[in-house]
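To start, the structure under review is shown below, and the notes come after it.
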Amino acid sequence: MSILVTGGAGYIGSHTVKELRARGEQVIIYDDLSTGFYQAAQDCMLVVGSLHHYDKLVETMRAFDVDSVVHFAAYSQVGESMNDPGKYYYNNVAGTIKLLNAMKENNVKRIVFSSTAATFGEPDSVPISEETPQHPASVYGTTKLMIEKILRDYDAAYGIRSVALRYFNAAGADESGLIGEAHNPETHLIPLIMQVLLGRREHISIYGTDYPTPDGTCVRDYIHVTDLATAHILSLNALRDGMASTAYNLGNGNGFSVREVIGMVEKVTGRKVATVEGPRRSGDPAVLIASSEKIMRELNWKPKFNELEQIIASAWRWHESHPYGY
Ligand code: UDP
């Protein structure tokens, strides 16, 4: 029996693969390497394939006796999703339908799905719980919400049970120093700040200083990637134990502004970060903070890295030793 991890060569996927294997699980990565890196797969079995290669998905599941899927493979850039919605609906939504149909054909009945805080859009209040209404403000968030709905329907009709994990801001890197965050192009705050320190960019642009927050910049809930990985394992094990389909929000429950993140990077590295104040980035809500009470209560999940300082220190270790990524 083995676990198929789609997108396992990506940032959160590769960290989850590492944690699964550390617990003795048989893992097969399925990744088209369009945004992932083969180096992130480390020495794990890697099948290079797209979600659109239906026959390859079916064959891979059959060949490796797959009985569970952890599904990360997706495009995930909010800005790009607004400019090229077709790419997002086709890959994320249509691709997931093919994956689910391949599961159905192979009688694979469990899936842990990578969802996002972007399914909530601009919330009326924080912290955001599972009861908070989901009104995504981007095509990316809409694709993930559509998949959550499709998963519920596939459970009702075909008995495929799922857990949707809605991540807030994933950050940090594995303790081994071997895998970490790498995107091309990079759009995320913490890696971009690191690139400034590494001399790869002149400054970090602060996107908006007139938000209704204490220092005028956006507030986000940063959660360590290894804590996200652990949540996938707990979810998979709960599905194995017969848990009904559900969804969980995943964050630390603390908000930090863009200026606070920059200040923390300066504290951790002892270096000054050059900043430029710029306009807001469209689609950015002012404040996103998770309530993760539900997964804490039901699955006993507890973040190990609950200090921003630890998260940033782990990110810096990775970026300093891999200034150009993999
Ligand atoms: N941000 C910024 N400058 C950048 C990149 C991001 O000020 O160059 C801000 C962004 O507006 C948001 C926060 O940093 O408030 C986190 O953004 P990121 O893209 O890392 O994650 P997101 O919140 O979009 O998932």
Side-chain angles (χ1 to χ4, degrees), residues 1-8 10 12-31 41-42 44-47 51 57-74 96-116 130 144 147-167 174 223-250 292-304:
M1 291 295 174
S2 62
I3 302 167
L4 188 77
V5 180
T6 73
I12 307 171
S14 61
H15 285 76
T16 302
V17 166
K18 182 163 182 293
E19 293 300 312
L20 283 166
R21 296 180 79 210
R23 288 160 177 79
E25 301 278 6
Q26 275 287 119
V27 177
I28 315 299
I29 297 176
Y30 189 90
D31 199 303
Q42 300 279 300
C44 185
M45 176 76 73
L46 166 67
V47 175
L51 294 176
L57 280 168
V58 170
E59 272 314 307
T60 304
M61 289 183 196
R62 189 169 297 147
F64 293 101
D65 199 15
V66 166
D67 70 344
S68 305
V69 172
V70 184
H71 177 36
F72 295 96
T96 299
I97 292 171
K98 288 177 190 164
L99 173 71
L100 288 167
N101 288 344
M103 289 173 65
K104 182 158 79 76
E105 188 161 332
N106 279 291
N107 208 25
V108 178
K109 299 285 193 184
R110 292 185 282 262
I111 178 167
V112 180
F113 169 60
S114 175
S115 189
T116 168
E130 289 75 7
K144 293 286 183 168
I147 297 167
E148 288 195 13
K149 168 74 178 135
I150 291 167
L151 288 173
R152 288 194 292 276
D153 292 341
Y154 269 64
D155 183 359
Y158 312 122
I160 295 177
R161 284 176 299 120
S162 64
V163 175
L165 296 176
R166 301 171 187 144
Y167 323 138
D174 184 63
I223 174 80
H224 196 281
V225 64
T226 303
D227 286 326
L228 292 180
T230 309
H232 291 79
I233 289 161
L234 293 172
S235 299
L236 181 60
N237 287 339
L239 288 174
R240 283 172 168 155
D241 290 343
M243 183 176 77
S245 294
T246 193
Y248 295 116
N249 295 355
L250 286 174
S292 302
E293 295 289 312
K294 184 177 167 195
I295 189 166
M296 288 176 167
R297 192 177 58 245
E298 295 186 0
L299 303 189
N300 212 13
W301 176 76
K302 197 167 179 298
K304 240 173 69 182

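What you see is a predicted model, and the numbers here were worked out from it, not measured in a lab. Heavy atoms only: backbone and side chains are in, while hydrogens, waters and symmetry mates are out.
Put simply, the residue from Phe113, Tyr167, Trp301 that forms a ring pair (Phe, Tyr, Trp, His ring centres under 6.0 Å) with His232 is Tyr167.
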Going through the distances and angles, do Val108 and Val69 end up as a side-chain contact (heavy atoms from CB on, under 4.5 Å)?
-> CA-CA 8 Å; Val108 178; Val69 172; 4.1 Å; yes
Report the C-alpha separation of Leu57 and Leu99 in whole Å, then their side-chain angles, then the decisive distance to 0.1 Å, and conclude whether the side-chain contact (heavy atoms from CB on, under 4.5 Å) test is met.
-> CA-CA 7 Å; Leu57 280 168; Leu99 173 71; 3.9 Å; yes
Would you please test Lys294 and Thr246 for side-chain hydrogen bond (donor to acceptor under 3.5 Å, both in side chains) and show each step?
-> CA-CA 10 Å; Lys294 184 177 167 195; Thr246 193; 2.7 Å; yes
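Heavy atoms from other residues, nucleotides or ligands lying under 6.0 Å from CD of Glu130 number more than 12. Surrounding CE of Met45 are at most 12 heavy atoms belonging to other residues, nucleotides or ligands under 6.0 Å away.
Between Ser292 and Asn249 the shortest heavy-atom distance is OG-O, 3.1 Å. The shortest heavy-atom contact between Leu100 and Ile160 is O-CD1, 4.0 Å. Minimum interatomic distance between Lys109 and Gly159 (heavy atoms only, all atoms of both residues): CD-O, 3.5 Å. Taking every heavy atom of both residues into account, Ala164 and Ser115 meet most closely at CB-CB, 4.3 Å. For Val70 against Ile3, the heavy-atom pair with the smallest separation is CG2-CG2, 3.8 Å. Closest approach of Ile295 and Leu165 over heavy atoms only: CD1-CD2, 4.3 Å.
Formation of a donor-acceptor pair under 3.5 Å by the Ser2 side chain with backbone atoms of Val27 is not found in this model. The backbone N or O of Arg161 lies less than 3.5 Å from no partner atom in the side chain of Asp155, so there is not a single donor-acceptor pair.
Salt-bridge annotation for Arg23 and Glu19: present, with a side-chain N of the basic residue lying under 4.0 Å from a carboxylate O of the acidic one. A salt bridge links Glu25 with Arg240: the distance from a Lys NZ or Arg NE/NH1/NH2 to an Asp or Glu carboxylate oxygen falls below 4.0 Å.
Between Ile12 and Phe72, some side-chain heavy-atom pair lies under the 4.5 Å cut-off. No side-chain heavy atom of Thr16 sits less than 4.5 Å from a side-chain heavy atom of Val112. In this structure, the side chains of Lys144 and Arg166 stay at 4.5 Å or more apart for every pair of heavy atoms. By the 4.5 Å heavy-atom criterion applied to side chains, Ile223 and Leu228 are counted as neighbours.
Inspection of the Asn101 and Tyr158 side chains reveals no N or O donor paired with an N or O acceptor under 3.5 Å. Side-chain contact, Thr226 with His15: no donor N or O sits under 3.5 Å from an acceptor N or O.
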